[in-house]
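Worksheet for the structure shown next.
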Amino acid sequence: MKHLTHIFWLSIAGSLLFCFSALRMAQAQDGGGWAPTAAAKKTGELVTADAIKSHIKFLSHDLLEGRGPGSRGDALAQLYIATQLESLGIKPAAADGGWYQSVPLLGVTTTAPSTINFRRGDSKVQLQHYDDMMAVSGKTEEKVSIKDAELVFVGYGIQAPEYQWNDFKDVDVAGKILVVMNNDPESDPDLFAGRKRLYYGRWDYKYQMAAKMGAAGALIIHTTPSAGYPYQVVQTSWSGEAFELASTSGPRMDLKGWLTEEATIKLMELAGQDLNALRESAQSREFRPVPLGIDLSLDLHCSVREQETGNVLGVIPGTDPSLAKEHVVFMAHHDHLGLAAERNEAGDNIYNGAVDNASGTATLLAMARAIASMPEPSKRSIMFAFVGAEEQGLLGSEHLAANPPIPAGYMASVINIDGMNFLGRTHDLNLIGNGKSNLDSTVEAVAKWQGRVVVPDNKPDAGYYYRSDQFSLAQVGVPGVYLHSGVNVVGKPDGWGKTQLDDWIDEKYHQPSDEYDPTWDLTGAVDDAQLLLQVGLVVAEQEEMPAWVAGDEFELARQAAIANRDK
């Protein structure tokens with residue numbers, strides 16, 4: 001009861017602080033708008049396109065071989081980051097007093113049959129691995145065998161009591177192969193936030209729920225609209241060695257996989273079903289799982305090895321006796337996909353990851369240089385976290401959240417940088433996760449000072465908030481800022497910027513073609529970096545820590561983290 005009372009008063013206090021912060025911001029705007037101090041403005045101006053460009057060129061160079069977790073390129077990237085921070089006078093911040101927080105991993109390379117047979121009685125459908133479906137082991141074992149497991153269509157595969165939604169009903173799906181739709185229901189704006197994708201719509205949730213239900217496997221139906229990217233991204237992201245934290249526990253299933261829409265149609269025809277009719281039935285709370293009468297037998301052979309990556313952590317201690325324990329965390333992931341097993345038509349097998357995320361790492365290094373040059377550090381401490389294995393499912397940041405060098409309740413906020421603008425200056429910037437915390441008002445004030453406007457997530461159905469590292473810290477209660485570049489590019493016609501970014505996703509996202517391009521215009525990256533830097537400095541100086549809006553999904557985690565930070 002004492003603990004609950006403590007949580008209650010923390011909730012009241014958080015709400016009052018949020019109202020006070022909003023009022024203070026409104027008063028500042030009425031008085032002419034927010035502006036940085038002279039020192040903060042000068043600090044921001046030290047972030048330059050040349051500084052960002054030079055780091056990108058190194059980190060995305062072929063010599064680093066795509067920075068795959070546990071590779072030599074991964075180790076080189078970590079060494080480069082640590083030595084850059086050391087040269088700036090920034091202090092190491094790992095728990096052992098060094099630069100590196102070890103992130104133990106298990107790597108699994110799955111070999112699946114080139115042809116996979118699905119049978120219904122005497123009839124069968126043959127699907128080609130890679131072209132029609134992807135199949136990887138859900139277990140860290142050398143061989144995984146599935147024998148005559150029946151396929152069951154489970155709609156979105158969601159259990160959400162707060163929405164009175166249960167796609168499984170009372171049906172026992174243990175030992176079955178679940179065929180699952182991507183995303184979550186979006187036709188009703190009052191149900192699952194309408195078009196805005198929640199975590200229920202993420203593929204990792206689908207696999208977690210299938211394992212929890214005792215399923216033998218889950219096959220997610222890929223469509224470009226429901227995934228937010230073309231099937232080729234699934235092919236590259238789910239090929240080669242896959243990683244998980246060595247500490248991973250909980251229920252597992254034998255098979256994780258993806259189906260193309262065309263392949264799914266063939267399977268439904270084999271089952272005597274119509275895919276569109278099944279998808280339509282899944283939009284209702286009354287939906288029940290549909291056994292398809294199709295069996296799958298499959299052997300997966302796996303190579304399993306222990307591996308390791310690392311989070312590179314640095315800190316600039318704060319100066320205020322009461323606030324220095326609290327940290328503003330600037331974060332970017334340093335890894336990418338590494339090397340493909342085979343070369344493409346251009347003879348390339350290196351996933352350089354120049355935009356994703358050499359550009360974010362480079363920008364954070366440029367920001368670290370600027371912040372380290374301040375004549376006097378901020379009141380709160382500033383931590384720089386360069387995390388690994390993001391492309392494997394946010395593993396580095398998950399490990400950081402589970403094993404923080406400081407308690408999560410002392411993390412004031414996280415500012416995450418994952419991919420930077422290469423199109424030039426924009427009139428707008430895209431705030432991912434808008435409406436979740438009172439950090440929004442700070443972002444909007446700094447953008448207004450820059451002469452720009454903040455727009456909400458322009459692809460809410462893509463679920464971007466749950467796809468990058470700020471999500472890991474949000475789960476332990478830390479509010480964050482995560483931006484995508486704007487699309488209204490200065491000097492370009494309407495629609496030009498959106499077309500360029502859509503083309504990048506279609507052609508270069510998680511492909512070997514994501515390479516450094518000397519024609520990039522990084523002035524927009526500089527604007528975004530300077531905005532994020534100013535937002536971080538505001539948080540580092542203000543009296544109260546940022547807070548989630550009342551009722552947000554992460555509010556209780558924040559209250560618990562603060563209540564337990566000195567225990």
Side-chain angles (χ1 to χ4, degrees), residues 48-88 90 98-103 105 107 109 233 236-237 239-243 305 307-314 331-369 384-392 395-396 417-420 422 504 507-520 522 525:
T48 66
D50 284 341
I52 295 172
K53 177 177 66 176
S54 62
H55 293 309
I56 296 176
K57 290 173 71 174
F58 178 83
L59 290 164
S60 64
H61 196 278
D62 281 358
L63 289 173
L64 272 70
E65 299 179 335
R67 309 185 306 283
S71 68
R72 181 177 63 175
D74 181 28
L76 285 171
Q78 293 176 52
L79 177 62
Y80 180 78
I81 293 164
T83 53
Q84 290 291 317
L85 296 180
E86 187 173 21
S87 74
L88 299 171
I90 294 172
W99 291 106
Y100 307 106
Q101 180 187 49
S102 174
V103 182
L105 304 172
T109 303
V233 175
T236 55
S237 300
S239 296
E241 190 171 22
F243 294 90
R305 62 171 180 160
Q307 194 57 278
E308 183 179 292
T309 186
N311 298 327
V312 185
L313 306 176
M331 184 163 61
H333 75 88
H334 59 70
D335 65 294
H336 199 53
L337 298 179
L339 297 172
E342 298 179 2
R343 297 183 182 273
N344 61 17
E345 294 177 355
D348 192 356
N349 71 330
I350 300 175
Y351 294 99
N352 301 82
V355 172
D356 183 18
N357 185 37
S359 72
T361 302
T363 300
L364 184 48
L365 284 171
M367 292 166 65
R369 173 177 174 268
F384 303 98
F386 297 82
V387 296
E390 188 268 357
E391 303 293 3
Q392 303 295 322
L395 300 184
I417 308 172
D418 191 356
M420 293 301 292
F422 53 87
W504 184 85
E507 298 172 10
K508 297 185 178 182
Y509 176 53
H510 283 198
Q511 303 302 312
S513 52
D514 181 11
E515 299 179 305
Y516 172 73
D517 185 339
T519 67
W520 285 344
L522 296 178

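Just the heavy atoms: all of them, side chains too, but no hydrogens, waters or symmetry mates, feed the values below. Being a predicted model, the structure only gives us computed values, none of them experimental.
Checked by atom type, the side-chain pair S237/H510 shows a donor-acceptor distance below 3.5 Å. The closest side-chain donor-acceptor pair between E390 and H334, if any, does not fall under 3.5 angstrom. Looking only at atom types and distance, the side chain of T519 has a donor-acceptor partner in the side chain of D517 under 3.5 Å away. If you check the side chains of E308 and S102, you find a donor sitting under 3.5 Å from an acceptor. A donor-acceptor contact closer than 3.5 angstrom is absent between the side chains of H336 and N357. Side-chain polar atoms of Y80 and H55 form a donor-acceptor pair below 3.5 angstrom. In this structure, a donor-acceptor pair under 3.5 Å is absent between the side chains of N349 and N344.
Looking at D335 and T309, their side chains never come closer than 4.5 Å, going by heavy atoms from C-beta outward. Using a 4.5 Å heavy-atom cutoff, the side chains of F384 and V312 are not in contact. Residues D418 and H333 meet the side-chain proximity criterion, which asks for heavy atoms closer than 4.5 Å. Side-chain contact between Y100 and N311: absent, with no pair of heavy atoms (C-beta onward) separated by less than 4.5 Å.
Salt bridge annotation for E515-K508: absent, with no cationic side-chain nitrogen under 4.0 angstrom from a carboxylate oxygen.
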Working note: V355 + W504, criterion side chain to side chain contact (heavy atoms under 4.5 Å, CB included); need CA distance, chi angles, decisive distance, verdict.
CA-CA 10 Å; V355 172; W504 184 85; 3.5 Å; yes
Can E391 and D356 be said to form a side chain to side chain contact (heavy atoms under 4.5 Å, CB included), step by step?
CA-CA 9 Å; E391 303 293 3; D356 183 18; 3.0 Å; yes
Kindly indicate, with the supporting measurements, whether the criterion side chain to side chain contact (heavy atoms under 4.5 Å, CB included) is fulfilled by L522 and K53.
CA-CA 8 Å; L522 296 178; K53 177 177 66 176; 3.9 Å; yes
Checking side chain to side chain contact (heavy atoms under 4.5 Å, CB included) for the pair W99/T83: CA distance, chi angles, key distance, verdict?
CA-CA 9 Å; W99 291 106; T83 53; over 6 Å; no
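The backbone N or O of G70 sits less than 3.5 Å from a side-chain atom of D74, completing a donor-acceptor pair. Under a 3.5 Å cut-off, the side chain of S71 and the backbone N or O of E65 do not form any donor-acceptor pair. Listed for the Q392 side chain is a donor-acceptor partner under 3.5 Å among the backbone atoms of F243. A distance-only check finds no donor-acceptor pair linking the side chain of R67 to the backbone of G388 [under 3.5 Å]. Side-chain atoms of N352 come within 3.5 Å of backbone atoms of S60 as a donor-acceptor pair (strictly under, hydrogens ignored). Looking at T363, its side chain does come within 3.5 Å of a backbone N or O of S359 through a donor-acceptor pair.
The distance from atom CG of L59 to atom OH of Y516, rounded to the nearest 0.5 Å, is 13.0 Å. Rounding to the nearest 0.5 Å places CZ of R369 at 8.0 Å from CG of L88. Between L85 atom CG and L313 atom CG the span is 9.5 Å, to the nearest 0.5 Å. The line from OG1 of T48 to CG of D50 is 5.5 Å long, rounded to the nearest 0.5 Å. With rounding to the nearest 0.5 Å, the separation of OG1 in T361 from CD1 in I52 is 12.0 Å. How far CG of L79 is from CD of Q84: 10.0 Å, rounded to the nearest 0.5 Å.
Nearest heavy atom pair, residue G66 against residue I350, reads N-CG2, 3.7 Å. Shortest non-hydrogen contact noted between I90 and A368 is CD1-CB, 3.9 Å. Closest non-hydrogen pair, P512 versus Y351, comes out as CD-CE2, 3.5 Å.
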